[in-house]
Amino acid sequence: MVFKCQEDSFLQEFQTKVVSCENVAGGYSVVFEDTILFPEGGGQPTDHGLVAGRKVTSVVRKGPTAIHFVEDDGTNGPPFAVGEEVHQRVEWSRRFDHMQQHSGQHLITAIFDREFKYNTRSWWLGTESSYIDLDAKDVDRDQLERVESICNQLIVDCTPVQVNVYEPDDPALKSDVTRATRGLPEDVSGPLRVVTIAGVESNMCCGTHVRNLSQLQTIKLLSVEKAKGKCLVYFLVGGRVLRKLSECYEREVQLNSLLNGGPASHIELAKKLQTSVRTTQRVAKKLTTELATAEAEKLNALRDNGPPTYVLLHRSDGQESDFINTFLRVVKLPDCFFFLTNADTDGSGKGQLVLQGKPDDVAKLGPEICTLLEGKGNGKGTRFNAKVNKLKNLPQCEKLVREHFPPVDGTVEK
């Protein structure tokens, strides 16, 4: 069966009758005499729309039948009676976007085939961008630009797009549109739709399409992703190109302010900023190492004159493990228990936790402290490491440490 949406892809409203209505999980499965809501197929996603004011979020084809999923609005009983006449309305912005991407895919596929003999294995219509799966080992920038230029010239030329319906035994299928139906199963039944881009190609397809390539507005080939023996060519058509341009322009305006320079200098300014950041990071790491060494040497000086039982040392410089690792490498107090944290600088309460000490102390305090700080980590022997999410609970953890060890002089807390 050829549905109304396939007869006239620009039809946005339609009156039809209910054939069946069955209750399913979350809503109703409804079949109508005909439909302007496209059932998913041919790489094109399902339409969304309304039927008698009720949302339709999915349409699938089973043989010659289009089955609509109508959401349950919470009222009792089925939404439609068999034989009832209802009004369908398609979500036009979604449909037209899909039409642009689908017709654009046909055009891009045809030009890659014509110009470079690259066959399209399949295609994918995404929510942001789409791609064709080309049977090619590589596609270079010159080839992309050539295909894009040819496609856009055909759009400028207002090249017609025609959809014809044939019976399987129509002689035309063995002459004018033989290529369009290559690979068609011998036992196929029912009418066949063939989409023809004038002077370019004919292709069998169940999807919805524009009437003229001018309705595509423009095509932009974005990038090539290489895979095993094939290439994925990503593209945008029509409204998606305009949306992408708007997004890029908004980012450009923000970068003008952040980098204090116009678009022509963005790359140079960003490189200078990267160099400055790397230099600052090197200096910060050096200072962190020096500070950690100084702190550790202070404690080492106490070895012969009452070393501490435990050390509580908490920092918030965001230097991740640099301070802690240096400190623990330099400090020489084998019988001391260390409770060290370093908080992220964003004020989120997240950070790093390290416990070091005698195995029994680490095994007892590690899991308890990690739980209080909402962390995730593990320990073995003399060391326990974790990423934590709630450093505001440090006072409770410090209390655990104090209660675990007998009160003696010489503890260190910072």
Side-chain angles (χ1 to χ4, degrees), residues 1-103 105 122-131 163 165-168 184-185 187-195 204-210 239-240 243:
M1 177 178 179
V2 174
F3 301 114
K4 200 68 181 178
C5 55
Q6 297 167 314
E7 290 180 10
D8 184 355
S9 297
F10 284 81
L11 190 61
Q12 299 181 40
E13 298 185 33
F14 182 61
Q15 292 287 127
T16 188
K17 290 183 178 181
V18 178
V19 173
S20 66
C21 180
E22 299 179 1
N23 185 273
V24 294
Y28 295 87
S29 177
V30 187
V31 176
F32 302 100
E33 286 185 349
D34 207 339
T35 185
I36 58 164
L37 300 176
F38 178 74
E40 180 178 357
Q44 182 174 328
T46 177
D47 275 342
H48 293 169
L50 297 172
V51 176
R54 289 176 177 262
K55 288 184 179 180
V56 178
T57 56
S58 174
V59 188
V60 297
R61 178 198 291 266
K62 287 191 177 180
T65 304
I67 301 173
H68 305 66
F69 177 77
V70 179
E71 291 186 349
D72 187 355
D73 63 359
T75 58
N76 295 325
F80 310 118
V82 174
E84 177 183 354
E85 188 170 279
V86 292
H87 182 78
Q88 297 176 339
R89 177 179 296 167
V90 68
E91 184 183 309
W92 180 245
S93 59
R94 176 182 171 89
R95 158 70 73 75
F96 188 64
D97 171 58
H98 290 171
M99 288 166 61
Q100 286 189 319
Q101 309 315 307
H102 200 162
S103 296
Q105 176 266 315
S122 62
W123 81 294
W124 177 79
L125 198 166
T127 55
E128 299 295 329
S129 64
S130 304
Y131 66 73
V163 178
V165 179
Y166 299 90
E167 292 300 326
L184 184 66
D187 61 348
V188 71
S189 62
L192 304 175
R193 295 174 76 248
V194 176
V195 178
M204 187 174 66
C205 182
C206 67
T208 59
H209 291 274
V210 298
R240 295 193 181 191
R243 287 195 295 275

Next item on the list: Walk me through it: do Cys21 and Glu84 pass the test side chain to side chain contact (heavy atoms under 4.5 Å, CB included)?
Entry: CA-CA 11 Å; Cys21 180; Glu84 177 183 354; over 6 Å; no

Checklist line | side chain to side chain contact (heavy atoms under 4.5 Å, CB included) between His98 and Phe38, intermediate numbers included | finding: CA-CA 10 Å; His98 290 171; Phe38 178 74; over 6 Å; no

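Taking NZ from Lys55 and CG from Leu50, the interatomic distance works out to 8.0 Å, rounded to the nearest 0.5 Å. Once rounded to the nearest 0.5 Å, the distance linking CZ of Phe3 with CG of Asp34 reads 7.5 Å. Atom OH of residue Tyr131 and atom OG of residue Ser122 lie 6.0 Å apart, to the nearest 0.5 angstrom. The NE2 atom of His102 lies 12.5 Å from the CZ atom of Arg95; values are rounded to the nearest 0.5 Å. To the nearest 0.5 Å, atoms CD (Glu33) and CZ (Phe14) are separated by 8.5 Å. The CD atom of Glu85 sits 11.0 Å away from the NE2 atom of His87 when rounded to the nearest 0.5 Å.
Gln44 places a side-chain N or O within 3.5 Å of a backbone atom of Thr208 that can act as its donor or acceptor partner. Within the 3.5 Å criterion, the main-chain N or O of Val24 finds no donor-acceptor partner in the side chain of Ser29. Arg193 contributes a side-chain N or O that, together with a main-chain N or O of Cys206, makes up a donor-acceptor pair within less than 3.5 Å. Judged by distance alone, with hydrogens and angles left aside, the side-chain atoms of Thr46 form a donor-acceptor pair with the main-chain N or O of Val59 at under 3.5 Å.
A search for ring-ring contact (aromatic ring centres under 6.0 Å, His included) contacts involving Trp92 returns Phe10, Phe96, not counting sequence neighbours. Among residues two or more places apart in sequence or in another chain, the salt bridge (Lys or Arg N to Asp or Glu O under 4.0 Å) test is passed with Glu7 by Lys4.
Residues Leu192 and Met204 share a closest heavy-atom pair of CD2-SD, 4.2 Å. The two residues His209 and Cys205 make their nearest non-hydrogen contact at NE2-SG, 3.3 Å. Across all their heavy atoms, Val165 and Pro191 have their closest contact at CG1-CB, 3.5 Å. The minimum heavy-atom distance between Ser130 and Gly126, with the atom names listed, is OG-N, 3.5 Å.
When side chains are defined from C-beta on, Val51 counts as touching Leu37, because their heavy atoms get closer than 4.5 Å. Counting heavy atoms from C-beta on, the side chains of Asp97 and Arg243 come closer than 4.5 Å.
Annotation: ring-ring contact (aromatic ring centres under 6.0 Å, His included) contacts involving residues 50-72, sequence neighbours excluded, comprise Phe32-His68.
The pair Asp47-Arg94 fails the salt-bridge criterion, with no side-chain N (NZ, NE, NH1 or NH2) lying under 4.0 Å from an Asp/Glu carboxylate O.
Of the listed residues (Gln12, Gln15, Gln6, Gln88), just one forms a side chain to side chain contact (heavy atoms under 4.5 Å, CB included) with Ile36, and that residue is Gln88.
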